[in-house]
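Notes follow once the structure below has been shown.
Order of listing sets the numbers, starting from 1, for every ligand and every atom in it.
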Amino acid sequence: MFGKQHRTLGEFIIANQDSFQYSSGELSRLLNGIRLAAKVVNHEVNKAGLVDILGDAGDTNIQGEDQKKLDVLANEKFIQTLKNREIVCGIASEEEDDYISINSQDEKHQNKYIVLIDPLDGSSNIDVNVSVGTIFSIYRRVTPVGTPVTLEDFLQPGHKQIAAGYIIYGTSTMLVYTTGDGVNGFTLNPALGTFYLSHPNMRFPENGKIYSVNEGNYIHFPQGVKNYIKYCQREEGDRPYTSRYIGSLVSDFHRNMIKGGIYMYPKSSKASNGKLRLLYECNPMAFLAEQAHGKASDGRQRIMDIEPTELHERVPFFCGSKKMVEKAEEFMN
Ligand code: AHM
Ligand code: MG
């Protein structure tokens, strides 16, 4: 059913923990926490259509519980699960204005890991039954263990990530992640509640034929981006390319990684840094892209080399098959 390999995510995490440079088993526990939260959120996402008959956000459902918007709910589930594990010292989320500092049980701030998440990305797609995703990024703290976390722990460049991944709630639910040793994808068997290794060693084709961008913003794009889009559409060689845009970063990225393609969210005359957030959208996707032999850039430099200055900072984002991103960069420079 899931190809030749029947290894579960849990087994895979344990089997690979020794290859990880800080092989304390803590990262494994953290990834297991994410695996659990993914299953809980998957359950909620799959019920989404029922919200219409059980009541809207803000209403009370038939069990007398307050209905919550799914992105709020996903945020709570991830935070709860990560807090309970005694591994994470700080969490930043798209849903929270400020970062959350977590005291370990003994209040001695012994936990070492920082997690940044976008609990439910592409959430405008939920109401119309289109795939959404969760994105996560993991770092070691830089301030000393034994002290509370500070903003400095969160503002690390992407190349310092020790793990990153996403969950895609699509026609099937998948968890795809990297710890810096390639990218592996696991598909959830909903009947058993178990993720199985279904996509070992995922790689972007070096070149592709899909471009993904919100072309409704075309007139606001910089000239270089407009020229690149025209290049994608020109009848020449292996072009025109196919345009595919779901409006859900995780889904567009996932398709492009499998089929070959480029995702773009450029800056525009309306948004000087584009829309996507560096710390919990672009950096984790960039880490995955590079580990999958693809590339991620802001048009000029490597995403993972950007020194962050703010928790919710935005950057232009070009990500996907290496040759396509390089070509787009040529047009922009
Ligand atoms: P969100 O975090 O508010 O969901 O926004 C991020 C999403 C991405 O998943 C998607 O690629 C992009 O926004 C779509 O934006 P637009 O509708 O402007 O094309
Ligand atoms: Mg988002």
Side-chain angles (χ1 to χ4, degrees), residues 37-38 41 44-45 48 57 69-79 91-97 99 115-137 154 158 164-170 174 176 210-222 225-226 229 243-257 261-289 294 296-299 303 308 310-320 325 328:
V41 172
E44 299 296 337
V45 168
K69 285 178 87 175
L70 265 182
D71 40 9
V72 177
L73 200 74
N75 187 47
E76 286 178 6
K77 299 291 178 198
F78 273 94
I79 291 174
I91 304 175
S93 160
E94 177 168 337
E95 296 289 328
E96 308 278 338
D97 291 342
Y99 64 82
V115 180
L116 295 115
I117 47 169
D118 185 349
L120 212 57
D121 184 63
S123 48
S124 64
N125 278 322
I126 294 169
D127 292 345
V128 291
N129 213 345
V130 171
S131 304
V132 289
T134 296
I135 309 172
F136 61 91
S137 168
F154 295 88
Y166 59 79
I167 298 118
I168 176 168
Y169 310 98
M174 282 188 70
V176 175
I210 296 172
Y211 72 102
S212 313
V213 63
N214 186 341
E215 278 185 79
N217 296 328
Y218 184 86
I219 53 165
H220 301 289
F221 288 152
V225 174
K226 288 180 180 168
I229 292 174
S243 162
R244 288 283 181 274
Y245 190 70
I246 297 169
S248 173
L249 170 63
V250 169
S251 318
D252 280 308
F253 178 100
H254 187 74
R255 182 206 50 242
N256 289 352
M257 177 159 63
I262 181 171
Y263 172 95
M264 303 181 267
Y265 211 107
K267 66 177 179 186
S268 70
S269 52
K270 288 193 299 187
S272 59
N273 287 313
K275 174 183 184 188
L276 300 182
R277 316 294 184 134
L278 173 61
L279 291 178
Y280 42 78
E281 292 176 329
C282 302
N283 268 338
M285 295 319 245
F287 190 19
L288 288 160
S297 151
D298 69 353
I303 289 290
E310 283 171 50
L311 209 49
H312 297 288
E313 108 180 56
R314 299 173 198 267
V315 286
F317 192 53
F318 301 84
C319 178
V325 176

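When only interatomic distances are considered, the shortest N/O to N/O separation between Leu249 and ligand 1 falls below 3.5 Å. Below 3.5 Å of separation, one finds an N or O of Asp121 facing an N or O of ligand 1. Close N/O approach between Leu120 and ligand 1 is not found [any backbone or side-chain N/O within under 3.5 Å].
Of the residues listed (Glu95, Lys69, Glu96, Glu94), the one engaging Asn75 in a side chain to side chain donor-acceptor pair (under 3.5 Å) is Glu96, and it is the only one.
Checked by atom type and distance alone, the side chain of Asp118 never pairs as donor or acceptor with a backbone atom of Tyr280 at under 3.5 Å. Counting only distance, with no hydrogens or angles, the side chain of Thr134 and the backbone of Pro119 share a donor-acceptor pair below 3.5 Å.
The nearest non-hydrogen atom to atom 5 (O) of ligand 1, considering only Met285, Arg277, Lys275, Glu215, comes from Lys275. Residue nearest to atom 11 (O) of ligand 1, selected from Tyr263, Phe253, Tyr245: Tyr263 (by heavy-atom distance).
Applying the side-chain hydrogen bond (donor to acceptor under 3.5 Å, both in side chains) rule to Tyr263 yields no partners; only residues at least two apart in sequence or on another chain are considered. Partners of Phe253 according to the ring-ring contact (aromatic ring centres under 6.0 Å, His included) rule, which considers only residues two or more places apart in sequence or in another chain, are Tyr166, Phe204.
Contact detail for Val132 and Ser251: the closest heavy-atom pair is N-OG, 4.5 Å.
Listed by number with element, the atoms of ligand 1 under 4.0 Å from a non-hydrogen atom of Glu281 are 2 (O), 6 (C). Which parts of ligand 1 touch Gly122 is read off a 4.0 Å heavy-atom cut-off, strictly below it: atoms 4 (O), 9 (O). Within the listing of ligand 1, atoms 2 (O) sit less than 4.0 angstrom from a heavy atom of Asp118.
Under the 3.5 Å distance criterion, with hydrogens and angles disregarded, no donor-acceptor pair is assigned to the side chains of Asn273 and Glu313.
Applying the salt bridge (Lys or Arg N to Asp or Glu O under 4.0 Å) test to residues at least two apart or on different chains, none of the pairs has a partner in residues 261-282.
If you look at the Mg ion (ligand 2), the protein N, O or S atoms less than 2.8 Å from it are Glu94 OE1, Asp118 OD2, Asp121 OD1, Glu281 OE2.
Separating the CD1 atom in Ile91 from the CZ atom in Phe154 is a distance of 8.0 Å, to the nearest 0.5 Å. Note that the CD1 atom of Ile167 and the CZ atom of Phe136 stand 5.5 Å from one another [nearest 0.5 Å].
The protein atom (non-hydrogen) at minimum distance from atom 10 (C) of ligand 1 is Gly247 O, 3.4 Å. For atom 3 (O) of ligand 1, the closest heavy atom belonging to the protein is Glu94 OE2, 3.7 Å.
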